[in-house]
Amino acid sequence: MSAQGAAHKETPKETFYRQFQGTVANLQEHINHLANLSAVAGERHDTIEHILTGISRLSNEVADAADYVPAYDQRTYSQALKQLTDQLNEAQAQFRPKSRFQFKRRNPPSGGDAMADKKNDARYMLPAGGQDKSSSPSAVTAVATANGSKLSSEDRKDSLSNLPSFPAKNYNEEIAKDSTDSRVRKPSFSTARDITLSDHDKLHIILPLSASRATSAGALTNMKGCIVDMSVPTRVCAGGAPFASLALKNISGSLIVAGHVDGPVHITGLRDSKVLVVARQVRIHECENVDFYLYCASRPIIEDCKALRFAPAPKFHSADKDENTNMWDQVDDFKWLKAEHSPNWSVLPEEQRIAEDIWKDKVPGYPGAGLDDILSTVGIGAEA
């Protein structure tokens, strides 16, 4: 046997492992060097975005490798991605500005006055329930006057009542005012508690993994001719967190990749659109000419709808779900009480469904493709 014939042929599983390890090592090196990068010219910010994009791409590749990578290895890869995300978060925390507020130290009381002063010390003014009343401005003032002194102007500046308040970041305004030529937006939602997108026209919005901190609830309203992809931050295998609940309202001519939702999804007033969602419960109201790609753990419900079509969610987005528990085609029409099938919905024929490779390679964007190109690829007209 020749040396060439005796050479070991690498399996897809081994190839994936080698490529995964190499990419993780590269991202790890970028994280370790973040402290050496300048924050002034945006060098550090660009590197962080590069790392987040790399983690997101790896998570997609892990999900796509489900056909030849065993479940145990899938969990190992997912854990490695979670650790990488945690390391990035820890590195970013070192760059955040520290609070300049601090309490002034008082000279300790002497002799027999110590016990008397303890009664007037805010640290000892805790009620039985454990709530610290001294955290209020009035408590701070009471301590000062009880000690026989008045707050100076400097002390007043140092009191809790004058701590600066930081307004919540308006991500919708940031998206609308983006001055770059690109029509793709990637709002981080890193300082938000929930994700709310509204009043956008002709934009491609992709949420990065950092938005997983804001998935307590989600809402999309008044969107026209858009592509919105919220799958990455809601995918557990990528270190994300599913939405607790999600609402979609007044959307037309758009492609919505809603991601994973642990609770209910309420969809109202959609027209000429396509929606992909993995959820426990889906309720659809007043929608027309919409294709739904679903994983749904309960029977989907529709009301006051027309021309709806249903298909199962692609494996690329539902690899961690059991196909046997998907009730995507067991739709209940609450406004159709006759025994025969409701005319308001149908099963989307297989030959008309968006192919798996399009969900994976085209919908996230590809070189040379604009928004209208991607919408056309999935069967949505240029005019919304």
Side-chain angles (χ1 to χ4, degrees), residues 19 23 26-27 42 45-65 81 171-172 174-190 195 197 200-212 215 218 220 223-235 237-240 248 251-260 272-278 291 293 313-319 353-384:
Q19 294 175 346
T23 305
N26 179 266
L27 294 175
H45 176 270
D46 290 344
T47 301
I48 290 173
E49 285 298 315
H50 169 77
I51 295 169
L52 289 171
T53 300
I55 294 174
S56 172
R57 185 181 299 112
L58 272 180
S59 69
N60 290 338
E61 291 174 356
V62 169
D64 193 47
L81 289 175
Y171 286 95
N172 278 293
E174 181 182 86
I175 292 170
K177 289 185 177 180
D178 193 323
S179 59
T180 62
D181 293 334
S182 173
R183 300 296 289 172
V184 179
R185 305 288 192 268
K186 297 182 179 181
S188 68
F189 281 94
S190 57
I195 292 173
L197 294 168
H200 295 298
D201 186 2
K202 292 291 185 181
L203 285 181
H204 190 169
I205 301 172
I206 303 175
L207 298 191
L209 187 59
S210 59
S212 62
T215 55
L220 301 183
M223 314 287 285
K224 183 179 181 182
C226 292
I227 299 173
V228 181
D229 188 346
M230 304 187 292
S231 60
V232 171
T234 63
R235 190 176 294 161
C237 67
L248 310 179
I251 298 172
S252 64
S254 298
L255 172 63
I256 308 298
V257 183
H260 289 233
D272 308 316
S273 298
K274 300 183 188 293
V275 177
L276 187 159
V277 66
V278 177
D291 289 347
Y293 292 79
K315 291 181 180 179
F316 178 64
H317 286 278
S318 60
R353 297 175 187 174
I354 300 173
E356 192 85 21
D357 62 323
I358 292 178
W359 287 113
K360 177 186 174 184
D361 301 325
K362 304 296 185 182
V363 170
Y366 55 98
L371 177 78
D372 289 337
D373 296 321
I374 300 174
L375 288 177
S376 178
T377 298
V378 300
I380 298 177
E383 68 283 350

What is the distance from atom [atom1] of [X] to atom [atom2] of [Y], rounded to the nearest 0.5 Å?
X	Y	atom1	atom2	answer
Ile227	Lys274	CD1	NZ	12.5 Å
Lys202	Ser254	NZ	OG	8.5 Å
Ile256	Ile251	CD1	CD1	4.5 Å
Thr23	Leu81	OG1	CG	10.0 Å
Ser231	Phe316	OG	CZ	7.0 Å
Met230	Ile206	CE	CD1	12.5 Å

What are the two closest non-hydrogen atoms of [X] and [Y], and how far apart are they?
X	Y	value
Ser318	Ala313	OG-O, 3.6 Å
Ile354	Trp359	O-NE1, 3.3 Å
Ile374	Ala369	CG1-CB, 4.3 Å

For Ser273 and Leu255, indicate whether the former's side chain and the latter's backbone hold a donor-acceptor pair under 3.5 Å.
no

Set of residues satisfying side-chain hydrogen bond (donor to acceptor under 3.5 Å, both in side chains) with respect to Lys315, sequence neighbours excluded:
none

Restricting to side-chain hydrogen bond (donor to acceptor under 3.5 Å, both in side chains), what partner residues turn up for His260, sequence neighbours left out?
none

Would you say the side chain of [Y] lies within less than 4.5 Å of the side chain of [X], judging by non-hydrogen atoms?
X	Y	value
Leu207	Val232	no
Leu276	Pro314	yes
Leu248	Val277	no

Kindly write out the residues that satisfy salt bridge (charged side-chain N to carboxylate O under 4.0 Å, His left out) with Asp229, not counting sequence neighbours, or none if the list is empty.
none

